[in-house]
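Beneath this line is the structure, given in structure tokens, with notes to follow.
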2 protein chains.
Amino acid sequence: MSSYATQTSTDVNKSETTSLIAASKVNGTSVYNRQGESLGSIHDVMLNKRSGQISYAVMSFGGFLGLGEKYHPVPWNKLTYDEQYAGYVIDLDKRRLEGAPAYAASDTPDWANGTYGGTIDRYYDGITTI
Amino acid sequence: MSSYATQTSTDVNKSETTSLIAASKVNGTSVYNRQGESLGSIHDVMLNKRSGQISYAVMSFGGFLGLGEKYHPVPWNKLTYDEQYAGYVIDLDKRRLEGAPAYAASDTPDWANGTYGGTIDRYYDGITTI
């Protein structure tokens, strides 16, 4: 699939050689839906700084939606790593993305406000992990 | 403690306002020992790309040891986040650091080789989590 070529070779090599990946390399990894369409890439991940567990992947869909850079936080447990794609897969169609919680690249969401994460969790609640 | 001033205000603000922190902000967070001595900072974190759990913090002690930039992978579960320090604390003295597994900034360890992580785990096995 030609869209795979958009991944950096570094990400691909890392993902093929080990189950461990540097956080700095996760950023930029491509995300696909069940149909193999590229949905965008991971801009950053939100970690629980005590447990060290990723809570949310902050995905960048700007390129795909053509609406300028926007960040969509997605619950990490909805993403599944796929060796074949050397990227993450989520059962999400492009239409649903358009209504998903998002913020402009120039903004910073109020993660300290517990209701923010809750809003994200509820939006993706119906998504089945692949 | 004056060494706290070496942290970026961004890291401090993030850590004080929420238990969630962007992976890109974890990098650079200071690490202290039980005596409050600055041991260095987090250069990067190694994630299990499936579970999204941090396995190792890659710490930079170059500045402190004065031996040029060297990276020391430390098992994540040995680090404890401390709100007072707005950083991580580990029960590790500077001497023990000098003998710890490390690699030069120009190298990349063979994370794919399971024995590498095992070597790190064994070295820090005696360290009690604070």
Side-chain angles (χ1 to χ4, degrees), chain A residues 10-29 31 42-58 71 73-83 85-89 108-118 120-121 129-130, chain B residues 10-31 42-58 71 73-83 85-89 108-118 120 129-130:
Chain A
T10 307
D11 293 334
V12 174
N13 295 339
K14 280 276 183 185
S15 59
E16 287 176 349
T17 52
T18 172
S19 65
L20 288 178
I21 185 169
S24 56
K25 293 289 190 299
V26 169
N27 300 347
T29 302
V31 179
I42 294 182
H43 165 70
D44 207 343
V45 291
M46 298 301 298
L47 298 162
N48 179 302
K49 63 175 179 278
R50 290 178 183 71
S51 69
Q53 172 65 48
I54 298 178
S55 298
Y56 300 96
V58 179
Y71 297 141
V74 176
W76 178 261
N77 61 12
K78 301 298 185 181
L79 296 169
T80 300
Y81 189 79
D82 187 307
E83 288 287 354
Y85 289 4
Y88 293 90
V89 180
T108 301
D110 182 10
W111 288 106
N113 178 348
T115 64
Y116 185 72
I120 298 163
D121 296 343
T129 303
I130 292 176
Chain B
T10 308
D11 292 336
V12 174
N13 294 341
K14 279 276 185 186
S15 59
E16 287 175 349
T17 53
T18 171
S19 67
L20 288 178
I21 184 168
S24 56
K25 293 289 188 300
V26 170
N27 300 346
T29 302
S30 294
V31 179
I42 294 181
H43 166 69
D44 208 343
V45 292
M46 298 302 298
L47 297 162
N48 178 304
K49 63 175 181 277
R50 289 178 183 72
S51 69
Q53 173 64 48
I54 298 178
S55 298
Y56 300 96
V58 179
Y71 297 141
V74 176
W76 178 260
N77 61 11
K78 300 300 185 181
L79 295 170
T80 301
Y81 189 80
D82 187 307
E83 288 287 353
Y85 289 3
Y88 293 91
V89 180
T108 301
D110 183 11
W111 288 107
N113 179 349
T115 64
Y116 184 71
I120 298 164
T129 303
I130 293 176

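Labels below follow one simple rule: chain letters A, B, ... track the order of the sequence lines, proteins then strands, and each chain is numbered from 1. The basis for the numbers below is simple: all heavy atoms, side chains too, and nothing from hydrogens, waters or symmetry mates.
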Using heavy-atom distances under 4.5 Å, tell me whether B:Ser51 contacts chain A through its side chain, its backbone, both, or neither. backbone

Measuring heavy-atom distances to chain A, does B:Asn48 have an atom under 4.5 Å in its side chain, in its backbone, in both, or in neither? both

Sequence neighbours left out, what passes side-chain hydrogen bond (donor to acceptor under 3.5 Å, both in side chains) with B:Tyr88? Give chain and number order. none

The reported gap from CZ in A:Arg50 to OH in B:Tyr81 (rounded to nearest 0.5 angstrom) is 7.0 Å

Interatomic distance, A:Ser24 atom OG to B:His43 atom NE2 [nearest 0.5 angstrom]: 6.5 Å

At their closest point, which heavy atom of A:Gln53 faces which heavy atom of B:Gly52, and how far apart are they? NE2-O, 3.4 Å

Over all heavy atoms of both residues, which pair between B:Asp44 and A:Ala22 is shortest? Give the atoms and the distance, please. OD2-CB, 3.3 Å

For the residue pair B:Ile54 and A:Leu47, establish whether any side-chain heavy-atom pair is separated by less than 4.5 Å. yes

Going through the checks in order, is the side chain to side chain contact (heavy atoms under 4.5 Å, CB included) test met by A:Tyr56 and B:Leu20? CA-CA 9 Å; A:Tyr56 300 96; B:Leu20 288 178; 4.0 Å; yes

